[in-house]
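Just so you know, these numbers come straight off a predicted model, no measurement behind them. For this chain, numbers begin at 1 and follow the sequence in order.
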Amino acid sequence: MPYDLVIFDNDGVLVDSEPISNRLLAAYLTELGHPTSYEDSIRDYMGSAMHRIHDLVLERTGERLPAEFDDVFHQRVFEAFARELRPVEGVVDVLEKLTAGEVPYCVASSGSHERIRVGHRTTGLDRWFEESRIFSSQDVGKGKPAPDLFLHAAERMGVAPARCVVVEDSPLGVRAAVAAGMDVYGFTRMTPAANLAGATRLFSHMSELTALVY
C-alpha cells in the first residue's frame, strides 16, 4: 500500500454538510449587512475555519462581525443538521473497506470538535471515529491553508507526512496538504476540478477512492 495513513477532511467529504452550512452562512452574513450569495460563500469560505470568515469580512468591510456570531451560526447549523444532514454517498463503504484492510485513517477538519461530533452522531459516522481519530483546527490555532492541522494529525497518528494521503474537497485544504508535504486526492463532487488543480489525483465519487489509496 502506498500510504500509511488516510486523512479525511470532514465537511463535504465525510458528511454532506457544505450545502447546508454555506446556505446558512450566506443568509446570516446578508442579515448582518454583508450581502453574500450561496455561490459567494462556497467560493470564499468553503473549507475555512471560523477565524477566516471574521478576517475576510474585516479585511473587506472594515467591520467586525458580532461577538456572538460563531455561537449563533453554529446553533443554526446544528438545528439544520438534525433535519437534513446525511453522510456523503459511498463514504460508509470506504470506511468499511479501510477498517477491514486495517488501513489507518483519521479526520482533520477546519470545523470545531463540537461540529465534527454533532455531524458524526447525526449521520451515524461516530462508530467509525473514536476520539483518537478526530483532529480540529482548534487543536493548532491556525486553519487551512496552513499545513499545521495535517502535520498535527500525522504526528499524533505516528506517521511521517510523506506517507500520508489527504482527501479534500476545498482549494484551501488542497493547499494545506501540499504545504504539509502530503499527497492529496481532490474530491470534485461539489468543487470544479480546476479549483483543485494542485491535487495529486482527482476523483468525483467515493466509490473511486478505495482503489486510489491501496
Can you see whether [X] engages [Y] through a side-chain donor-acceptor pair at a distance of less than 3.5 angstrom?
X	Y	answer
Asn22	Ser41	yes
Asp169	Thr191	no
His34	Thr36	no

Taking NZ, NE, NH1 and NH2 as the nitrogens, is one of them in [X] or [Y] under 4.0 Å from a carboxylate oxygen of the other?
X	Y	result
Arg43	Asp40	yes
Arg115	Asp11	yes
Arg163	Asp183	no
Glu89	Arg189	no
Glu31	Arg76	yes

Margin query: Is there a path of hydrophobic side-chain contacts, each under 4.5 Å between heavy atoms, that joins Phe73 and Leu56?
Written below: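 Yes, it is one cluster - the side chains of Phe73 and Leu56 are joined through contacts under 4.5 Å.
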
Notebook entry, point to check: Where do Leu85 and Ile20 land on the side chain to side chain contact (heavy atoms under 4.5 Å, CB included) test, with the steps shown first?
Noted result: CA-CA 8 Å; Leu85 191 63; Ile20 300 169; 4.1 Å; yes

Close side-chain approach of [X] and [Y], heavy atoms under 4.5 Å:
X	Y	result
Val15	Leu125	yes
Pro161	Leu151	yes
Met206	Val13	yes
Met190	Pro19	yes

Next item on the list: Return the orientation label for the Phe78 and Phe81 ring planes: parallel under 30°, perpendicular over 60°, tilted otherwise.
Entry: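 Tilted, since the angle between the ring planes falls between 30° and 60°.
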
Item checked: Lys NZ or Arg CZ of Arg133 over Tyr105 ring: under 6.0 Å, within 45° ->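 Here Arg133 passes the 6.0 Å and 45° test against Tyr105.
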
Next item on the list: Examine distances only and state if a side-chain atom of Ser204 and a backbone atom of Thr188 form a donor-acceptor pair shorter than 3.5 Å.
Entry: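 Pair absent, no side-chain N/O of Ser204 close to backbone of Thr188.
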
Check: Under 3.5 Å, side chain of Gln138 to main-chain N/O of His113, donor-acceptor pair present?
Finding: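 Checking the backbone N and O of His113 against the side chain of Gln138, a donor-acceptor pair under 3.5 Å is found.
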
Check: Is the gap between the ring centers of Phe135 and Phe150 under 6.0 Å?
Finding: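 No - the distance between ring centres of Phe135 and Phe150 does not fall below the 6.0 Å cut-off.
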
Item checked: Atom CZ of Arg60 with >12 non-hydrogen neighbours under 6.0 angstrom ->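 More than 12 within 6.0 Å, yes.
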
Next item on the list: With rounding to the nearest 0.5 Å, note down the distance linking CD in Glu96 to OG1 in Thr99.
Entry: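 Going from CD on Glu96 over to OG1 on Thr99, the span is 8.0 Å.
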
Next item on the list: Would you check, one step at a time, whether the test salt bridge (charged side-chain N to carboxylate O under 4.0 Å, His left out) holds for Arg117 with Glu131?
Entry: CA-CA 9 Å; Arg117 289 181 174 84; Glu131 184 76 21; 2.6 Å; yes

